Each structure stands twice: as C-alpha cells, then as structure tokens.
Amino acid sequence: MDPAGARHVGAVEHAASIRPVPAGPVRVRMAPSPTGLLHVGGVRTFLFNWLYARGRGGECLLRIENTDTGREVAESVEQIQRSLTWLGIDWDGPVTFQLDRAARAREEAQRLVAEGAAYEDEGAIRIRMPDEGATGWDDAVKGRIEFPNEQLEDLVLVRSDGRPTYNFASPLEDWLDGITHVIRGDDHVSNTPKQIRVLGALGAQPPVYAHVPNVFGTDGKKLSKRHGAVSLDEFRADGYVPPALLNFLALLGWSFDDRTTVMSRDELVERFTLERVGTSPATFDYEKLRWLNGVYLRGMAPGEYPDTLVAYLRERGCDWDEQRIRAAAPLCQEKLATLGEFPAFAGFLFGPVEPGAEALEGAGRVLAEVAAALEAVEPFAAAGVEEALRSVCDRLGLKPRQAFQPIRVAVTGSKVSPGLFESIELLGRAETLARLEAAERAAT
RNA sequence: GCCCCCAUCGUCUAGCGGCCUAGGACACCGGCCUUUCAAGCCGGAGAUCGCGGGUUCGAAUCCCGCUGGGGGUACCA
C-alpha cells in the first residue's frame, strides 16, 4: 500500500467529512430550548448567527428545540421572542418547533432502517456507526477537528416512545431547513461527528460548522445566578440599553481589530466574520458592560434620552410625573451608567428626603443664609440660584466646596447628586426653602 | 478511564515567524478640571505570552510532551 495514502487516515472516511462551501445564500438558525429565560451566553451565540446572516444577505431562522411539550413552553417561547426583539435580533419566517417534525423524523428513521443504516433495538431505533477511521470537519472557527470513529456509539435516533433524540432531530432539521452554517456553542463539538454521521446516512451534505467559545462567569465556571444578572430580562430591568448590550455581547469571543470597542449595530453587521471569532472561552465582565452602557446613554440625542428613560421607568412600574422626569433627564444623562440608577440618583425630585444629621453638622448658619438669599432670586432658575449661593459663600468667606455640600445634603438628601443649581431650580423655591429650613433645625 | 476543545495584563482582547523592550479597552492608582458624583483630559502600575522540550539566524506565533480548565462519553438538550 502506498505509505503516503496510509498516513492520510482521514481520507478513508472523507466521504463523511466532505463539506463544500455552500454556494447559495447563507441560512443559519438560532435554536433555543424553551426551558426558561434567555441566557446571555446563549444570546451571544444567537447574535453571532444573526450578525453572520445579516452581514451577507442571508436568512436567520428561529427554531425552538423542544422535546417536551408543556403549558409553560408557550410562555417561554413568547418570552424568548420578546427578549430577542428587544435586543434588536430578528428572524425570518415563522418560528418552528422541533417537536412538530417528530413524525417526519420517525419516517426518516424507518427509511434508514429499511436501507440498513439503522436498526431497531428494544423499541428504539439506532444508527450504525463505523468502528474504524475517523469523522472530521473543518470548523470555521476552530479549524480541522477529527474524532476516531471507535468513539462513536450506535446512537439512538428515535426513543422507544417515538420521540426523536436531539442528535437526530437537530441535524435532520438543519437538513430540512437548508441550513448552510451551524454556528453554535463550543459544547456541541463532540456532538458534531455524530450529527455528521446522521447527515451522511440521511444522504445529506453537512453544513459548515462553526463552534464559538462559551461564556463563563467571573470564577471561570458556567455563568450562573450568583454572578449577577444572566437573563436578558434582568439586564433590561437593570436599565441596560439594547445597543450597549448588543455591542458588549459581540465582543465576547469576537473582535474587529486591536482597538475598536464601540460599534453600532450596523457596524457590527458589516464587520462580523467567523474568521475573527476567537477560540478560548470569555468571562462576562459586568464592569465593562456597565461602562459601555454609560457610553451609549451619554451618546443619546437630547430627545432620545428622556424618551428612553420614561419608557424604562414606566416599564418598571414607576409612576413619577413624566414632565418632571423629562426635566430631570438632562441633569442625569452624563452621570448615570444605567437607567436603573435614576431613582436613587434623582429620587429627591419626586419625594421627601431624610438628610443625615452628621453631614449637616455646624452648617446652620450657611443653611439659613442660603435660604434667605434664595427668597429673593427672580426668576427662580439655575443661573440666579448659582449667583445667590456664590454670594453667600463670599459673604461667609467659605469655599464653594465647603459651603455647597451641606446645602446639597439638605436639598437632595445625599452627598452625591445632579448639579446643585439645576436641582434647586427643578425642586422649586417653596420646596427648597422648606428643606433648607428643616435641615437648619436638624443642624442646630 | 477514553475522546475532543481551550490556554497573552485581574477581565475582554490584538498578535496568524522578525513591525513585540507584547498594542488597545474595562477595572485599578495618581494628577488636572470642578458645587458633589460622574464625564473629560494627562500620566502610572499591571503579562518572564500556563510549564518543559524542540524546529529556526529568529517563536507569544510552528512541532512534541506536561499541567490546568472546559466539553463529551445518555432512549438530556
């Protein structure tokens, strides 16, 4: 035998690994299981699918991998759709369900039995796997991967109760749906040779496989509750905005170059390639997401920010006066990293405050002087307020830094707040004076 | 056990043999600005490229081994 040929072990089984690059349009699929809320790690993978398809005029399907039907499934499915839509990820055609093709799966399995590629075993149907050689593929992100066929067992295609298994249903559907690229999590690598074999038995060409790295929590373990928010819903509730999350997620396992971080949805679509997807798992960095969210919040147009803020607060069940929220928005836009911080930061504009006595210590005089000065300010606006406050400082020989802090605490109830003058303007003369007087009493 | 994958600052990453005395970003530290907090600007610290062998004139980049982590090994997905 030709020694050169013998060395190419894979060649023996290449019938199963030949994978010409599909010539037609790209078609990918996002395949969540309806078992709960959408997990950010999974969403990141869906995002890669979506970016890939949208970037080359392809299609992106949404397929629910359900094995069990249950009442909750419908809710979960809706939840998934709502979350993806919120993020700005859409899909083509109707949502499909794996279970809907159970009958077709059984037919195909029977066909395989008839052809001798599969056999019945205790009521189940198993596929015959080769014992020698190897099954491999050229992964679009990881390169060539091969598994010795002796590792492949005769896997069950259809359970004895008639339901197809995942490793049968998934490749079958990929084939039926004309999926050209399967972009999925790293954890599916070892399923791939099995699925390639299934496809081969079915007489189908395998799609291009691209296994993208998983996303881990801060301890290097699987992302879970104790790391913080994990579902899209939680991030939404915390006040993260879609473009920021989308941008952040895209950077988990993918990069455009050595210096670009902030990218719009369109830029991501235009720039995303599987070639630039990395191979090692990424850790979800909440701090960086927070920073990026702030970047997007600050970058919003003057009209967009208040709208977004109001919508967020309403969604959260907050019934504060809309006009006031809008008026407060500009004071907060550049200071908040998430919308969720607004209530704590600007709440003093919507309800009573309880200044801590320590911060007011010895400030009775300043408070009284400021109250008196504010009586005369006309009109009662930021510029006039500032002028009044500064002249009190001059008169008492205090540095603004020293004098403004107790005033801030008296008026906002906190040492950290939006700009003092603007805050006072918004609060109005009557309320400001009342708070100043209350604080003055507490200070003495 | 066996099979497969992964391994660059704390984190996300750039790097695909010489451009690297390893670049950027978040976080961190210091300064400026300043009514607080942010933001912004300037500067700093931070990686013997997991370890050990090779290959090469030259390796973070290629090869082998090891270690560590992850995944699979189901009539789970």
Side-chain angles (χ1 to χ4, degrees), chain A residues 31-35 65-68 98 121-126 134 136 139 141-143 145-153 155-170 184-194 211 213-216 218 220-222 248 250-262 275-276 278-292 294-295 297-298 331-337 341 345 359 385-386 389-390 393 399-409 412 414-424:
Chain A
S33 50
T35 48
E65 309 236 301
N66 62 332
T67 342
D68 320 289
Q98 197 164 69
D121 173 39
E122 301 203 19
I125 296 177
R126 312 186 89 109
D139 198 277
V141 342
K142 300 172 101 81
I145 299 178
E146 284 189 3
F147 282 76
N149 285 335
E150 57 181 349
Q151 293 291 320
L152 271 30
E153 306 208 324
L155 65 89
V156 170
L157 265 24
V158 179
R159 300 178 174 90
S160 47
D161 68 2
R163 288 150 56 224
T165 60
Y166 165 76
N167 275 316
F168 181 48
S170 187
R184 65 200 343 183
D186 221 349
D187 47 328
H188 284 288
V189 168
S190 45
N191 285 327
T192 307
K194 305 173 193 173
H211 289 94
N214 284 124
V215 178
F216 290 117
T218 40
K221 299 259 179 66
K222 217 158 73 183
F248 176 77
L251 259 13
L252 246 33
W254 174 81
S255 65
F256 173 59
D257 59 18
D258 64 335
R259 56 193 62 251
T260 311
T261 301
V262 181
E275 290 68 47
R276 290 201 62 84
T279 50
S280 53
T283 300
F284 197 97
D285 184 353
Y286 291 87
E287 285 303 317
K288 189 163 184 174
L289 201 215
R290 207 180 125 69
W291 163 77
L292 194 54
V295 169
L297 251 23
R298 273 175 252 125
L331 313 194
C332 303
Q333 182 169 6
E334 67 171 12
K335 294 170 181 281
L336 304 183
E341 293 161 25
F345 192 67
V385 169
E386 175 168 7
L389 295 204
R390 289 196 188 280
C393 284
K399 295 262 186 208
R401 190 179 291 275
Q402 306 170 282
F404 292 174
Q405 200 59 352
I407 299 171
R408 181 187 311 283
V409 170
T412 72
S414 167
K415 286 189 257 191
V416 177
S417 79
L420 226 206
F421 321 127
E422 292 78 5
S423 293
I424 289 177

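Numbered from 1 within each chain, the chains take letters A, B, ... in sequence-line order. Predicted model, so just to flag it, every value in this text is computed and none were measured. Atom set for the values below is all heavy atoms of this structure, side chains included, hydrogens, waters and symmetry mates excluded.
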Could you run through nucleotides 3-16 of chain B and give me one letter per nucleotide, 5' to 3': B if any protein heavy atom sits under 4.0 Å from the base, S if only the sugar-phosphate is that close, - if neither? SSSSS---BBSSS-
Contacts of type side chain to side chain donor-acceptor pair (under 3.5 Å), residue A:Glu341, not counting sequence neighbours: A:Arg290, A:Thr338
Given atom CG of A:Asn167 and atom C1' of B:U73, what is their separation to the nearest angstrom? 12 Å
Regarding A:Asp121, tell me which of base, sugar-phosphate or nothing describes its non-hydrogen contacts under 4.0 Å with the strands shown. base
When the distance from CG of A:Leu389 to P of B:U36 is rounded to whole Å, what number comes out? 13 Å
For A:Gln333, side chain to side chain donor-acceptor pair (under 3.5 Å) partners two or more places apart: none
With sugar-phosphate taken as primed atoms, P, OP1 and OP2 and all else as base, the protein-contact string of nucleotides 37-51 of chain B at under 4.0 Å (heavy atoms; B, S, -) is BBSS-----------
In chain order, what residues pass the salt bridge (Lys or Arg N to Asp or Glu O under 4.0 Å) check against A:Asp187, with sequence neighbours excluded? none
Expressed in angstrom and rounded to an integer, what is the separation of A:Leu289 atom CG from B:A25 atom C1'? 14 Å
Regarding A:Phe421, tell me which of base, sugar-phosphate or nothing describes its non-hydrogen contacts under 4.0 Å with the strands shown. base
Options B:A77, B:U35, B:G70, nucleotide nearest the side-chain atoms of A:Phe216: B:G70
Using the test side chain to side chain donor-acceptor pair (under 3.5 Å), find all partners of A:Arg298 that sit at least two apart in sequence or belong to another chain. none
Name all residues meeting the side-chain contact (heavy atoms from CB on, under 4.5 Å) criterion together with A:Lys194; count only those two or more places apart in sequence or in a different chain, and write none if there are none. A:Met129, A:Leu155, A:Asn167, A:Asn191
By the 4.0 Å heavy-atom rule, please label A:Asp161 as base, sugar-phosphate, or nothing. nothing
Is any NZ, NE, NH1 or NH2 atom of the basic residue among A:Arg159 and A:Asp161 found under 4.0 Å from an Asp or Glu carboxylate oxygen of the other? no
Residue list, side-chain contact (heavy atoms from CB on, under 4.5 Å) with A:Val189, at least two apart or on another chain: A:Trp137, A:Lys142, A:Ile145, A:Phe147, A:Asp186, A:His211
B:U35 phosphate, OP1 or OP2, under 4.0 Å from A:Arg390 side-chain N/O: yes
Let's test this: given Watson-Crick or G-U wobble pairing with both distances under 3.5 Å, identify the partner of B:G1. B:U73
To the nearest angstrom, how far is A:Glu153 atom CD from B:A74 atom C1'? 9 Å
Quick one: side chain to side chain donor-acceptor pair (under 3.5 Å) partners of A:Thr260, sequence neighbours excluded? A:Asp257
Across all strands, who's sitting opposite B:C41 as a Watson-Crick or G-U wobble pair, both distances under 3.5 Å? B:G31
Side-chain N or O of A:Arg259 versus OP1/OP2 of B:A25: is the shortest distance under 4.0 Å? no
